[in-house]
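Single-structure report; data block below.
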Amino acid sequence: MKFFIDTANLDQIREAYEMGVLDGVTTNPSLMAKEGIKGTGSQQKHYVDICKIVQADVSAEVIATDYEGMIREGEELAALNPHIVVKVPCIADGIKAIKYFSGKEIRTNCTLVFSTGQALLAAKAGATYVSPFVGRLDDIGEDGIALVARIVEMYRYYGYETQVLAASIRNSRHIIQCVEVGADVATCPLSAIKGLLKHPLTDAGLQKFLEDYKSING
Ligand code: E4P
């Protein structure tokens, strides 16, 4: 399973990249706003800075919600750097735009997906990635991981090449659940990635090894 980091924070992206386990980055307008990146020019530069750090897939989201606007913005974003993946919302014009981008070999991430029906349309339009939002479904008492599992099963059954990118991941347990249901990618906050390392037996074992080493080597 590929690991993407879900942030626009350059320090966190660098830290995850330096761990050697990072396969890409996802951003969204809320994450860009959190970093205080204002204006189209600064935002475009920020996407390029992220691409330069990771040299791997970086999802950059369109703001337009109409077909022509999405095409214009998506083409501009895709021209910034070969690593850019154009993120498009799962609405009717978005599906149409994904179909257009797929014909132009511009890679896409169909975002804000909350049902298998939406994931079916994204795959039929030729999306590179589909992003079911796990945490936001859990927040309203639904089962986000079960949706990821249903999409994985549907794509395998019909042979769709669209990759299932589990988004809105909130913790390390979600990551393990994504592995268990066969998600292609999980996009996660840095804390959830680092959380995978934590185990009290690792800490206790390491402490004992170091103590025993010191007891004979001073
Ligand atoms: C990434 O592609 C999504 O936009 C992101 O994972 C949403 O996460 P949130 O539900 O924590 O805002």
For residues 23-31, please give each side-chain donor-acceptor pair under 3.5 Å, one per line with the distance, not counting sequence neighbours.
unit_1 : atom_1 : unit_2 : atom_2 : d
D23    : OD2    : F3     : N      : 2.8
T26    : OG1    : D6     : OD1    : 2.8
T26    : OG1    : T187   : OG1    : 2.5
T27    : OG1    : S59    : O      : 2.7
N28    : OD1    : S30    : N      : 3.0
N28    : OD1    : L31    : N      : 2.7

ask   = How many angstroms lie between NZ in K87 and CD1 in I98, if you round to the nearest 0.5 Å?
value = 12.0 Å
inquiry  = Please list all pairs meeting side chain to side chain donor-acceptor pair (under 3.5 Å) that have one or both residues in residues 117-135, counting only residues at least two apart or in different chains.
reply    = K2-Y129, D57-Y129, N109-S131
inquiry  = I need the minimum non-hydrogen distance between M32 and A8, along with the two atoms involved.
reply    = SD-CB, 3.7 Å
key: Nearest-0.5 Å distance that lies between atom CZ in F4 and atom CG in D184   = 9.5 Å
Cluster overlap V85 with V58, hydrophobic side-chain contacts below 4.5 Å = no
inquiry  = Do L201 and F209 sit in one hydrophobic cluster, given that two such residues count as connected whenever their side-chain heavy atoms are within less than 4.5 Å of each other, even indirectly?
reply    = no
task = Could you tell me whether the side chain of H174 and the main chain of G135 form a donor-acceptor pair under 3.5 Å?
result = no
message = So, taking the atom named NZ in K99 and the one named CG in L121, what distance separates them when rounded to the nearest 0.5 Å?
response = 12.0 Å
ask   = Of all heavy-atom pairs between M70 and P89, which one has the smallest distance, and what is that distance?
value = SD-CD, 4.3 Å
key: CG on D66 to CD on E73, rounded to 0.5 Å   = 8.5 Å
ask   = So, the side chain of Q44 versus the backbone of L80: is there a donor-acceptor pair under 3.5 Å, distance only?
value = no
Over all atoms of both residues, closest heavy-atom pair of Y160 and A123 = CG-CB, 3.7 Å
key: Residues in side chain to side chain contact (heavy atoms under 4.5 Å, CB included) contact with A60, at least two apart in sequence or another chain   = Y47, L77, I84
ask   = So do R107 and V86 actually touch side chain to side chain, heavy atoms under 4.5 Å?
value = no
Rounded distance (nearest 0.5 Å) linking atom CD1 of I53 with atom CG of D49 = 7.0 Å
request  = Flag the pair D143 / L137 as yes when at least one side-chain heavy-atom distance between them is below 4.5 Å, and no otherwise.
outcome  = no
inquiry  = side chain to side chain contact (heavy atoms under 4.5 Å, CB included), that's the test. Do R170 and R136 meet it? Break it down for me.
reply    = CA-CA 9 Å; R170 300 277 164 78; R136 291 194 196 188; 3.6 Å; yes
ask   = Does some side-chain heavy atom of Q12 sit less than 4.5 Å from a side-chain heavy atom of Y17?
value = no
task = Please check if M1 and L165 belong to a single hydrophobic cluster, counting links between Ile, Leu, Val, Met, Phe, Trp and Tyr side chain heavy atoms closer than 4.5 Å.
result = no
key: Nearest heavy atoms of L112 and C90, plus distance in Å   = O-CB, 4.0 Å
T111 vs E61 side-chain heavy atoms within contact, under 4.5 Å = yes
key: ring-ring contact (aromatic ring centres under 6.0 Å, His included) partners of F133, counting only residues at least two apart   = F114
inquiry  = If I take atom CD1 from residue I169 and atom CD1 from residue I5, how far apart are they, to the nearest 0.5 angstrom?
reply    = 13.5 Å
inquiry  = Please find the pair of heavy atoms, one from V148 and one from P132, that lie closest to each other, and give the distance.
reply    = CG2-CG, 3.9 Å
message = So for atom CD, which belongs to E211, do other residues, nucleotides or ligands contribute more than 12 heavy atoms lying within a distance under 6.0 Å?
response = yes
task = Would you sort out whether E153 and Y157 count as a side chain to side chain contact (heavy atoms under 4.5 Å, CB included), showing the intermediate values?
result = CA-CA 6 Å; E153 194 180 345; Y157 183 84; 5.7 Å; no
key: Under-4.0 Å salt bridge between D11 and R14   = yes
query = Is there a path from I106 to I63 through hydrophobic residues (I, L, V, M, F, W, Y) whose side chains come within less than 4.5 Å of each other?
reply = no
request  = Just jot down the salt bridge (Lys or Arg N to Asp or Glu O under 4.0 Å) partners of K34, sequence neighbours excluded, or say none.
outcome  = none
inquiry  = For a side chain to side chain contact (heavy atoms under 4.5 Å, CB included) check, start with the C-alpha distance between V134 and L147, then their side-chain angles and the critical distance, and finish with the verdict.
reply    = CA-CA 8 Å; V134 173; L147 174 64; over 6 Å; no
ask   = Should V185 and I193 be counted in the same cluster of Ile, Leu, Val, Met, Phe, Trp and Tyr side chains packed under 4.5 Å apart?
value = no
query = Do T7 and L190 have side-chain heavy atoms sitting under 4.5 Å apart?
reply = no
message = Considering only residues two or more places apart or on different chains, which pairs with a residue in residues 192-204 satisfy side chain to side chain donor-acceptor pair (under 3.5 Å)?
response = E15-K194
inquiry  = Could you report the tightest heavy-atom contact between A127 and C110, atom names first, then the distance?
reply    = CB-CB, 4.2 Å
inquiry  = One pair to check against side chain to side chain contact (heavy atoms under 4.5 Å, CB included): E180 and Q177. What are the steps and the verdict?
reply    = CA-CA 5 Å; E180 287 167 356; Q177 289 174 315; 4.3 Å; yes
